[in-house]
Structures are given as C-alpha cells and as structure tokens.
Amino acid sequence: MRQPRDKTSTALTGAAGEHLVMSRLLTRGYIAALAPQGAPDLDVVASTRDGSKVFSMQVKTRKNRGPKGGWPMGKKNETDKYQGVFYAFVDLDESETYHSKVYVVPSSEVAKVLRESHAFWISQPGRIGKERNDTSMRRFEPDYSWVPNLKQKHSDGWLDQYYESWNLEERQD
C-alpha cells in the first residue's frame with residue numbers, strides 16, 4: 001500500500017524549488033520575486049532590470065523521481081492560455097553536492113506534450129485490457145519515446161535543450 005504524502009514535506013519541497021528558481025534568476029540579473037501565496041498559475045514573477053519585459057513562472061519541483069521520473073501536473077496545464085509563461089522543472093539534489101537541476105520550458109511546449117501524451121495514454125487499454133478512466137492528473141516526463149507522435153523529438157534527453165536555459169527575453173512567445 002502506498003504511503004500518504006507528508007503535506008509539510010511536500011510544501012517545503014515546493015518552497016525550496018521556488019526559492020532556487022528565484023535565486024537563479026537574481027544571479028543572472030533579473031528582478032525576481034515570489035508571487036503571493038495562493039496566486040493561481042504562477043509562483044515567481046521576474047523582469048529585466050529596466051522592467052521592459054516581464055515573465056511569469058510556474059515551478060514544479062521533485063525530490064524523489066519515482067518510477068517514471070516525471071513531474072505531476074494537471075489537466076489545466078494542457079492549455080497554453082498565457083503567453084510569456086515558463087515552467088521551471090526542478091530536480092532537487094539531496095546529495096552532499098546539492099547540484100540541483102532546473103529545466104526552463106515555455107508553457108506552449110509543456111501544453112503540447114501533455115495534450116499529446118495524455119491523448120495517447122487514454123486511447124490505450126489499461127493493465128488488464130480495460131478502457132482507461134480519464135482523470136485530471138498528467139505527468140510531464142523526460143522521455144516520451146512511448147508516444148508515437150512525440151517519439152522523434154521528445155525521447156530521452158529532449159529536456160537537455162532547456163537545462164538552465166535562463167535567456168527568457170529571447171525565448172518569450
């Protein structure tokens with residue numbers, strides 16, 4: 001039986017990821033701040049030093065990768081409703097080196113792979129051949145080689161192009 005999540009630990013993991021992202025932005029010369037707690041759909045707000053460009057970020061943090069190694073997300077993340085929004089996918093490293101990794105991905109790319117991978121997953125039979133029940137849960141993964149439409153461009157290693165990719169003003173939609 002699966003153990004229930006410790007909500008305090010989950011909240012601390014999320015906060016650690018948000019502060020890490022903010023730190024990475026600040027050290028690269030962006031003005032950055034945490035969004036107010038409970039702000040829908042964003043965790044960090046940043047701008048260029050002169051304020052001419054503003055960016056919003058949603059941070060997804062994982063500590064223990066789990067069997068497939070993705071980040072849990074929801075159905076709402078399948079839609080790209082905001083331009084200029086980025087997702088920061090954080091891998092917290094708990095080793096003595098604390099070399100955590102951050103992948104900065106435009107929301108349009110996240111929405112696309114979530115939509116396509118979920119559509120394929122739901123179309124396939126479940127473990128014992130039964131039709132799958134649709135849920136609001138999604139998973140953003142570092143390897144979509146199991147999805148025919150995504151296999152070519154989103155197989156293992158596809159996220160490397162977004163590793164520590166903090167040049168936000170060049171990549172804004």
Side-chain angles (χ1 to χ4, degrees), residues 1-18 20-21 35 38-44 55-95 99-165 168 171-173:
M1 180 181 258
R2 192 153 79 174
Q3 295 289 338
R5 285 188 180 179
D6 175 356
K7 290 188 185 233
T8 302
S9 177
T10 302
L12 292 174
T13 298
E18 291 169 4
L20 177 66
V21 166
D41 303 324
L42 67 117
D43 301 306
V44 175
F55 312 97
S56 300
M57 302 196 88
Q58 191 168 90
V59 180
K60 299 292 183 182
T61 307
R62 67 183 184 179
K63 200 165 41 172
N64 300 319
R65 294 181 184 185
K68 283 195 151 189
W71 290 266
M73 300 188 78
K75 183 176 182 170
K76 69 179 183 176
N77 302 111
E78 285 186 349
T79 60
D80 183 29
K81 57 185 173 183
Y82 307 111
Q83 288 189 357
V85 174
F86 292 90
Y87 284 88
F89 293 97
V90 178
D91 261 338
L92 285 182
D93 181 8
E94 295 184 290
S95 71
H99 184 71
S100 298
K101 297 177 181 177
V102 182
Y103 301 90
V104 183
V105 185
S107 60
S108 57
E109 186 68 17
V110 172
K112 175 188 170 208
V113 297
L114 288 177
R115 251 189 333 270
E116 290 185 25
S117 63
H118 185 72
F120 179 74
W121 179 83
I122 201 75
S123 73
Q124 301 301 300
R127 277 187 237 180
I128 55 174
K130 289 188 177 181
E131 187 175 310
R132 294 184 191 266
N133 293 324
D134 199 359
T135 71
S136 62
M137 296 304 300
R138 307 290 187 264
R139 182 169 285 283
F140 187 76
E141 299 181 11
D143 183 4
Y144 286 102
S145 57
W146 57 275
V147 181
N149 291 357
L150 298 175
K151 186 186 297 189
Q152 185 176 4
K153 292 184 180 177
H154 297 84
S155 290
D156 192 29
W158 80 275
L159 274 179
D160 293 347
Q161 65 186 313
Y162 299 111
Y163 175 69
E164 301 293 345
S165 186
L168 303 179
R171 300 173 51 223
Q172 193 171 34
D173 293 336

Between [X] and [Y], what is the shortest heavy-atom contact and its length?
X: Leu20; Y: Ser100; value: CD2-CB, 3.7 Å
X: Val59; Y: Asp43; value: N-OD2, 2.7 Å
X: Glu78; Y: Arg115; value: O-NH1, 2.6 Å
X: Val102; Y: Ala88; value: CG1-CB, 4.0 Å
X: Arg139; Y: Gly70; value: NH1-O, 2.9 Å

Are any non-hydrogen side-chain atoms of [X] and [Y] less than 4.5 angstrom apart?
X: Val44; Y: Leu42; result: no
X: Tyr87; Y: Pro106; result: no
X: Glu109; Y: Val113; result: yes
X: Leu159; Y: Phe89; result: no
X: Lys63; Y: Ser9; result: yes
X: Met57; Y: Val21; result: yes
X: Ser107; Y: Phe86; result: no
X: Tyr162; Y: Val104; result: no

Check: In terms of ring plane angle, is the pair Trp71 and Tyr103 parallel, tilted or perpendicular, where the classes change at 30° and 60°?
Finding: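 Trp71 vs Tyr103 ring planes: perpendicular.
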
Item checked: Contacts of Glu116 that satisfy salt bridge (charged side-chain N to carboxylate O under 4.0 Å, His left out) - sequence neighbours left out ->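 Not a single residue meets the salt bridge (charged side-chain N to carboxylate O under 4.0 Å, His left out) criterion with Glu116.
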
Notebook entry, point to check: What residues, two or more places apart in sequence or in another chain, satisfy salt bridge (charged side-chain N to carboxylate O under 4.0 Å, His left out) together with Asp41?
Noted result: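 Only Lys76, Lys81 meet the salt bridge (charged side-chain N to carboxylate O under 4.0 Å, His left out) criterion with Asp41.
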
Distance from [X] atom [atom1] to [Y] atom [atom2], nearest 0.5 Å?
X: Glu131; Y: Ser123; atom1: CD; atom2: OG; result: 10.5 Å
X: Glu141; Y: Leu150; atom1: CD; atom2: CG; result: 10.0 Å
X: Ser136; Y: Asn77; atom1: OG; atom2: CG; result: 10.5 Å
X: Leu114; Y: Lys75; atom1: CG; atom2: NZ; result: 12.5 Å
X: Gln58; Y: Glu18; atom1: CD; atom2: CD; result: 9.5 Å
X: Trp121; Y: Trp146; atom1: CH2; atom2: CH2; result: 8.5 Å

Next item on the list: Run the ring-centre check on Phe140 versus Trp158 and record whether the distance is less than 6.0 Å.
Entry: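 That pair passes the under 6.0 Å test.
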
Notebook entry, point to check: Around atom CD of Gln152, are there more than 12 heavy atoms of other residues, nucleotides or ligands at under 6.0 Å?
Noted result: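 Open.
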
Next item on the list: Keeping the roles fixed (side chain from Arg138, backbone from Met73), state whether a donor-acceptor pair exists under 3.5 Å.
Entry: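 Such a contact is absent between Arg138 side chain and Met73 backbone.
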
Notebook entry, point to check: Hey, is the main chain of Gln124 close enough, under 3.5 Å, to the side chain of Arg132 for a donor-acceptor pair?
Noted result: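 Answer holds: yes.
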
Margin query: Under a 3.5 Å cutoff, is there a donor and acceptor pairing between the side chains of Asp143 and His154?
Written below: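 Result is no, nothing qualifies.
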
